[in-house]
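These notes are about the structure you will find just below.
When a ligand or atom number is given, it counts from 1 through the structure's own listing order. The figures here come from the full heavy-atom set of this structure, side chains too, leaving out hydrogens, waters and symmetry mates.
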Amino acid sequence: MTESAPSGGPTIACIAGGVGAARMLRGLVRVSDRVTAIANVGDDVELHGLHISPDLDTITYTVAEAIDPERGWGLADETWQAMDSLGRYGGVTWFSLGDKDLGTHLFRTGRLRSGTPLSTVTREIARAWELPMELLPVTDDPLRTHLVIDDPDQDEPVEIDFQEYFVKHQHSVPVHSVRFEGAIDARPAPGVIDTINGADVVVIAPSNPLVSIDPVLAVPGVRAAIEARRHSGVAISPIIAGAALKGPADRLLRELGHEASVVGIARLYAPLVATLVIDEADRDREAEVEAEGVRCVVAPTIMKSAHDAASLAQVVLDCVGEPSEPARPAERAGET
Ligand code: GDP
Ligand code: CA
């Protein structure tokens, strides 16, 4: 870690996808040492017999400052010899797994096979990386995002799983609908509901609303718990000036009947949070956002550096006020 987290700080529950959430968490841990991320597992995939949890790993590697900064996923200074070896045998190589990263998947899979729940393994991995926060998968039960697309080879729709859409097809095919397999029977992982109930601030990270945040909300009990804490809820728009910074969020919003703008995001999140933070680029849409029933806060929201992320994290906390320990603002002075 480059900076030490403050001692104390408000209790923060952060509903998280992958890259956008990881950047937000990198900031949140700089303004509080009581951060818990509740993360999406709908993107999880089994490949080569290994259980891969892309969003959990993106969060872990980013907050540990070990992520590859260019790619935004996987570990820095990675090598790819196992992939070369797989290619020799004609194995599946469209989903790249670096040599160092493979160790994480080997460990996770081995522990799961011996009967350990995903939340426990995730905690073990987070501890090994010395994360200054808790990381919880939203559920220990299987939950998988599937998308219905036009079959590129035939004239009828076909359902594919998330990584096929995202990585194999590079999210370039139109989507008709999204389905979260297993969601109805999924139970929140131990600690998920208590974390939301006990949080001073519930943050919805700037993640893809339809394939990163929605699967978390689809676990029975989670949406209701967040709605009950709406007054302490703050979301950050992943859409800036009508576009996603990266990935298919803008296109997916349009394809599934939403507006790809901060107003569309306000419409989706108004039942869940009292405040939406939008980027300065969208300042002219403030009144339209508020017309959707959320308070609108305008701030720089592009998190290139840890400093950007910490500044945005402070904006998020300021949205809810200072619920505990009134002495802390002075302690924090000069932090960022
Ligand atoms: P994934 O699971 O890795 O695809 O990532 P997420 O679902 O967490 O995040 C994808 C979304 O995050 C995209 O819509 C991006 O526009 C958004 N995003 C990524 N970085 C930032 C950032 O620094 N600021 C904001 N406001 N949004 C971001
Ligand atoms: Ca993801």
Taking [X] first and then [Y], would you say they form a salt bridge - that is, a charged N and a carboxylate O separated by under 4.0 Å?
X    : Y    : answer
E159 : R144 : no
R34  : D200 : no
R267 : E292 : yes
E65  : R30  : yes

Requested in this report: Show your working on side chain to side chain contact (heavy atoms under 4.5 Å, CB included) between I12 and L317 and close with a plain yes or no.
Outcome: CA-CA 9 Å; I12 300 172; L317 295 197; 3.6 Å; yes
Query - Shortest-distance N, O or S atom of D43 relative to the Ca ion (ligand 2) - result: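 Distance check against the Ca ion (ligand 2) picks out OD2 in D43.
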Requested in this report: Identify, by name, the N, O or S atom of D55 lying closest to the Ca ion (ligand 2).
Outcome: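 Atom name returned: OD1.
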Identify the closest protein heavy atom to [atom]: which residue and atom is it, and at what distance?
atom                    : value
atom 18 (N) of ligand 1 : P206 O, 3.6 Å
atom 23 (O) of ligand 1 : M303 N, 2.8 Å
atom 20 (N) of ligand 1 : R23 NH1, 2.9 Å
atom 1 (P) of ligand 1  : V19 N, 3.6 Å
atom 26 (N) of ligand 1 : S237 O, 3.0 Å
atom 28 (C) of ligand 1 : L245 CD1, 3.6 Å
atom 4 (O) of ligand 1  : F166 CZ, 3.7 Å
atom 13 (C) of ligand 1 : K246 O, 3.4 Å

Pull out every atom of ligand 1 sitting under 4.0 Å from any heavy atom of [X], numbered as shown with elements.
X    : value
A244 : 14 (O), 16 (O)
I240 : 26 (N)
S212 : 2 (O), 6 (P), 7 (O)
D55  : 2 (O)
G17  : 8 (O)
N208 : 6 (P), 7 (O), 9 (O), 10 (C), 11 (C)
A21  : 8 (O)
A249 : 14 (O)

Query raised in the report: Do E259 and S261 meet the criterion of a side-chain donor-acceptor pair at a distance under 3.5 Å?
Result: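 Looking only at side-chain atoms, S261 and E259 do form a donor-acceptor pair, the distance falling under 3.5 Å.
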Requested in this report: Take every heavy atom of T58, measure it against each atom of ligand 1, and state whether any distance is under 4.0 Å.
Outcome: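 So T58 does not count as touching ligand 1.
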Query raised in the report: Should G247 be listed as contacting ligand 1, given a heavy-atom distance under 4.0 Å as the test?
Result: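 Contact check G247 vs ligand 1: negative.
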Query - Derivation of the side chain to side chain contact (heavy atoms under 4.5 Å, CB included) call for D214 and R223 - result: CA-CA 9 Å; D214 260 2; R223 180 186 283 274; 4.0 Å; yes
Query raised in the report: So do P206 and M303 actually touch side chain to side chain, heavy atoms under 4.5 Å?
Result: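 M303 vs P206: side chains touch.
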Query raised in the report: CG of D284: more than 12 outside heavy atoms within 6.0 angstrom?
Result: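 For D284, atom CG is crowded (more than 12 foreign heavy atoms under 6.0 Å).
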Query raised in the report: Hey, is CZ on R187 packed in by over 12 heavy atoms from elsewhere, all under 6.0 Å?
Result: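 No.
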Can you find an N or O of [X] that's nearer than 3.5 Å to an N or O of ligand 1?
X    : value
P238 : yes
G20  : yes
G18  : yes

Requested in this report: Take I239 and D250 through the test side chain to side chain contact (heavy atoms under 4.5 Å, CB included) and record every step on the way to the result.
Outcome: CA-CA 7 Å; I239 299 293; D250 46 4; 4.1 Å; yes
Query raised in the report: When you measure from atom 24 (N) of ligand 1 to each heavy atom in T301, D250, I239, which option holds the nearest one?
Result: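 It is T301 whose heavy atom sits nearest to atom 24 (N) of ligand 1.
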Query raised in the report: Any chain of hydrophobic side-chain contacts (each under 4.5 Å) joining M24 to V19?
Result: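 Different clusters: M24 never reaches V19 through Ile, Leu, Val, Met, Phe, Trp or Tyr contacts under 4.5 Å.
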Query raised in the report: So which of D57, T60, L97 actually passes side chain to side chain contact (heavy atoms under 4.5 Å, CB included) with T104?
Result: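 By the side chain to side chain contact (heavy atoms under 4.5 Å, CB included) criterion, T104 pairs with just one of D57, T60, L97: D57.
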**Report entry** S311 side chain to H307 backbone, donor-acceptor under 3.5 Å
**Finding:**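 Yes, S311 side chain to H307 backbone: donor-acceptor pair under 3.5 Å.
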